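The next block holds one structure in the form of structure tokens; read it before the comments.
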Amino acid sequence: MVPRIHIVGRKNSGKTTLIVALIQELSGRGLRVGTIKHTHHHHEFDAPGKDSFLHRQAGAAVVGLVGPKMAAAFCEYTDEQRLRGIPQLEPLFADCDLVLVEGNQQSLGTKVEVWRAVTDQPPLVNNLSGVCALITDDHLPDEIASEMTCPVWPRGSVEAIADGLLELISAD
């Protein structure tokens, strides 16, 4: 199974910006990086009334949509599958060295948290299972820092964060 690391954090903590920088850094090192964007909002990815929607509505287990340069697949999954990593997606990432997942705090997978003081909310690190590192350049509140059991990685160094992620996946 391809190693998967969840980049988690509160809204506006910089998750997407960091993931884009990490993709560039890790790809530049010759790694194949896959990504998954997780959202807790329900989105209908397939348009009601379209042929592919009608296929799914009729009971198709998986519906593929293929265009001139891109393809997509639609499938449903259980809450248990979501927590463990949606096995239907695994074959799509089989030739990747690493998959970065943006979000999905409830996942059972490895997590690193991005935190910025400007969010005016405390970090999740001490109250969220599976967090292996906190990424920030901001001063941590003393009550948070004193309870932490994981390292703090500097947000200003994408190279150091990439090194840390690679260490995490090599330890598994």
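On a predicted model such as this, the values are computed, not experimentally measured, just so you know. Side chains included, hydrogens not; waters and symmetry mates left out as well; all remaining heavy atoms used.
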Exercise. Does the side chain of Asn104 come within less than 4.5 Å of Val8's, by heavy atoms?
Worked result: no
- Between His6 and Thr110, is there a donor-acceptor pair closer than 3.5 Å when you use the side chain of the first and the backbone of the second? no
Under 3.5 Å donor-acceptor, Asn12 side chain and Thr119 backbone:
no
message: Less than 4.5 Å apart, side chain to side chain, heavy atoms only: is that true for Ile5 and Val101?
response: no
Here the pair of heavy atoms bringing Val112 nearest to Trp153 is CG1-CZ3, 3.9 Å
request  = Measure from the side-chain N and O atoms of Arg155 to the backbone N and O of Arg116, and report whether any donor-acceptor pair falls under 3.5 Å.
outcome  = no
- request: Please confirm whether the backbone N or O of Leu124 pairs with a side-chain atom of Glu113, one donor and one acceptor, at under 3.5 Å?
  value: yes
Would you say Ile19 and Ile23 make side-chain contact, with heavy atoms under 4.5 Å? yes
Closest non-hydrogen contact found for Leu140 with Pro123 is CD2-CG, 3.8 Å
Strictly distance-based, threshold 3.5 Å: is any side-chain N or O of Lys111 a donor or acceptor partner for the main-chain N or O of Ser129?
yes
*Indicate yes or no: at least one non-hydrogen side-chain atom of Arg4 is less than 4.5 angstrom from one of Val2.*
no
Here the side-chain hydrogen bond (donor to acceptor under 3.5 Å, both in side chains) pairs for residues 134-151, sequence neighbours left out, are none
side-chain hydrogen bond (donor to acceptor under 3.5 Å, both in side chains) pairs touching residues 14-33, sequence neighbours excluded, are Thr16-Glu102, Glu25-Arg29, Arg29-Asp163, Arg32-Asp95
*Side-chain touch Val158/Leu22, heavy atoms, less than 4.5 angstrom*: yes
Worksheet item: Side-chain contact, heavy-atom cut-off 4.5 Å: Val33 with Cys96?
Response: no
